[in-house]
Amino acid sequence: MMFVHTLLWFLYFWLYLLVVLPLYWRVKGLAKRGDGRHDALTRRVVGRWARRMLWAAGAKVEADGLEHLPQGPAVYVGNHQGYFDIPTVLGYLGDDTKPMVAKKEIDKIPLIRAWMRQLHCVFLDRENPRSAVAALNEAAGWVGKGYSMVVFPEGTRSKTGEVAEFKAGAFKIAQKNRVPVVPFVIDGTAELMERNHYFIHGGEVKLRVLPPIDTSGYGKEDWRALPALCEARVRDGLAALRAER
């Protein structure tokens, strides 16, 4: 049964991207003309795609703490459990669909790559330090232009479901722009696929936004301590989510 569900999901995945292809060409045209409608249309299409991918997988997503979303640009940092973290963040982290720093492998997927680039996502090669620095600088540039950015500071998916060490690179994006850092917690995405030998299976997914951290008055020592502070808050938030189940 899971095999059939997985097959149907992948068919839906690609058919949906083909159906919205005319909208992609419209979005691309708006970008070339510098039309202000570009971002709104891109966010609407990508957000709807993300929510439908979760629906097709049989996921029931519950998002709370959205009252903590700050006005204006911010850097959002959270734990990384599975592939479905990406549509969860794109579809449910607020009404606007936020760009993210994603691994370079996603940049190789046709159509997905095209839409994520229109959303101003940045692709990072963890194996190439020079390229990684350039990607973080690009992300910082988008934040400087008024966009928020989502980052998974663990750098890769957690194989145990527990929170791993938060790397400092993600926080350089916030430091360059002196914007708030907003921790968030995701739980349940690994059960949709990774824990089922990569067959898709429905389940509950929870997303919780934690109170933002104001970095406007930060000094050097504050910035050095920030990754560990966010890691601790996300770890505590994950424990709280699981205690509520």
Side-chain angles (χ1 to χ4, degrees), residues 39 42-43 46-47 50-51 54 61-103 106 116 119-124 135-158 163-189 205-216 218 222-223 226-238 240-241:
D39 286 353
T42 302
R43 288 169 174 169
V46 174
R51 290 186 291 273
L54 287 158
V61 183
E62 179 184 332
D64 63 31
L66 299 180
E67 69 276 8
H68 296 309
L69 297 174
Q71 296 293 323
V75 174
Y76 292 80
V77 296
N79 62 313
H80 195 9
Q81 291 190 345
Y83 287 116
F84 277 95
D85 290 339
I86 291 175
T88 298
V89 167
L90 292 174
Y92 291 93
L93 189 62
D95 293 332
D96 61 324
T97 301
K98 300 170 178 64
M100 62 175 55
V101 176
K103 62 181 182 179
I106 296 177
M116 290 187 76
L119 189 63
H120 309 308
C121 292
V122 175
F123 298 97
L124 186 146
L136 292 174
N137 285 335
E138 182 185 350
W142 284 116
V143 175
K145 293 176 183 178
Y147 296 88
S148 291
M149 191 65 62
V150 179
V151 189
F152 297 108
E154 293 164 292
T156 189
R157 302 185 313 280
S158 170
V163 179
E165 179 187 1
F166 275 21
K167 307 295 191 299
F171 300 89
K172 301 294 184 184
I173 302 170
Q175 187 173 5
K176 286 178 180 292
N177 294 282
R178 299 281 171 170
V179 296
V181 173
V182 186
F184 65 89
V185 182
I186 294 177
D187 195 31
T189 51
V205 174
K206 290 193 175 183
L207 168 67
R208 176 166 294 171
V209 181
L210 304 176
I213 299 171
D214 181 4
T215 66
S216 58
Y218 266 26
D222 299 306
W223 286 108
L226 185 57
L229 172 63
C230 286
E231 178 188 324
R233 292 196 179 182
V234 170
R235 184 176 286 110
D236 291 345
L238 180 60
L241 266 185

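Heavy atoms only: backbone and side chains are in, while hydrogens, waters and symmetry mates are out. Please read these numbers as outputs of a predicted model, since none were measured by experiment.
Looking only at side-chain heavy atoms (C-beta outward), Cys121 and Trp142 stay at 4.5 Å or farther from each other. When side chains are defined from C-beta on, Asp214 does not count as touching Pro180, because their heavy atoms never get closer than 4.5 Å. Counting heavy atoms from C-beta on, the side chains of Leu207 and Val185 never come closer than 4.5 Å.
In terms of modelled atom types and a separation under 3.5 Å, the side chain of Gln81 and the main chain of Gly188 share a donor-acceptor contact. Judged by distance alone, with hydrogens and angles left aside, the side-chain atoms of Arg235 form a donor-acceptor pair with the main-chain N or O of Val163 at under 3.5 Å. Remark: the backbone N or O of Asp96 is not paired with any side-chain donor or acceptor of Arg43 at under 3.5 angstrom. With hydrogens and angles ignored, the 3.5 Å screen pairs a side-chain donor or acceptor of Asn177 with a backbone N or O of Ala140. Listed for the Thr189 side chain is no donor-acceptor partner under 3.5 Å among the backbone atoms of Phe84. In this structure, Lys176 contributes its side chain and Asn137 its backbone to no donor-acceptor pair below 3.5 Å. In this structure, the side chain of Asp85 engages the main chain of Gly82 through a donor-acceptor pair within 3.5 Å.
A distance of 9.0 Å separates OG1 in Thr156 from NZ in Lys167, rounded to the nearest 0.5 Å. To the nearest 0.5 Å, atoms CZ (Phe171) and CG (Leu229) are separated by 8.5 Å. Leu238 CG to Ile186 CD1: the interatomic distance, rounded to the nearest 0.5 Å, is 10.5 Å. Taken from CZ in Arg51 to OH in Tyr92, the straight-line distance is 6.5 Å, to the nearest 0.5 Å. Between the CG atom of Asp236 and the CG atom of Leu241 there is a distance of 11.5 Å, given to the nearest 0.5 Å. Taking CE from Met100 and CD1 from Ile86, the interatomic distance works out to 5.5 Å, rounded to the nearest 0.5 Å.
Under the salt bridge (Lys or Arg N to Asp or Glu O under 4.0 Å) criterion, Asp64 pairs with Arg208, sequence neighbours left out.
The aromatic rings of Tyr147 and His120 sit perpendicular to each other, their planes meeting at more than 60°, with 30° as the lower class boundary.
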field: Residue pair Thr215, Trp223: steps toward the side chain to side chain contact (heavy atoms under 4.5 Å, CB included) verdict
entry: CA-CA 8 Å; Thr215 66; Trp223 286 108; 3.5 Å; yes

field: Evaluation steps, side chain to side chain contact (heavy atoms under 4.5 Å, CB included), between Val101 and Met149
entry: CA-CA 7 Å; Val101 176; Met149 191 65 62; 3.9 Å; yes

- request: Given side chain to side chain contact (heavy atoms under 4.5 Å, CB included), test Val181 with Leu226 step by step and report yes or no.
  value: CA-CA 9 Å; Val181 173; Leu226 185 57; 3.9 Å; yes

message: Does Val234 form a side chain to side chain contact (heavy atoms under 4.5 Å, CB included) with Phe184? I'd like the steps, not just the answer.
response: CA-CA 6 Å; Val234 170; Phe184 65 89; over 6 Å; no

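Closest of all the heavy-atom pairs between Phe152 and Val89 is CZ-CG2, 4.0 Å. Nearest heavy-atom pair across Gly47 and Thr97 is CA-OG1, 3.4 Å. Considering all non-hydrogen atoms of both residues, Leu210 and Val182 come closest at O-CG1, 3.7 Å. Across every non-hydrogen atom of Glu231 and Phe166, the tightest pair is OE1-N, 3.1 Å. For the pair Pro99 and Ser148, the tightest heavy-atom approach, listed with the atom from each and the gap, is CG-O, 3.1 Å. Listed here is the closest heavy atom pair of Gly94 and Leu69: CA-CD1, 3.5 Å.
Neither side chain, Asn79 nor Glu154, offers a donor N or O lying under 3.5 Å from an acceptor on the other.
Geometrically, Arg157 engages Tyr83 in a cation-pi contact defined by less than 6.0 Å to the ring centre and at most 45° from the axis.
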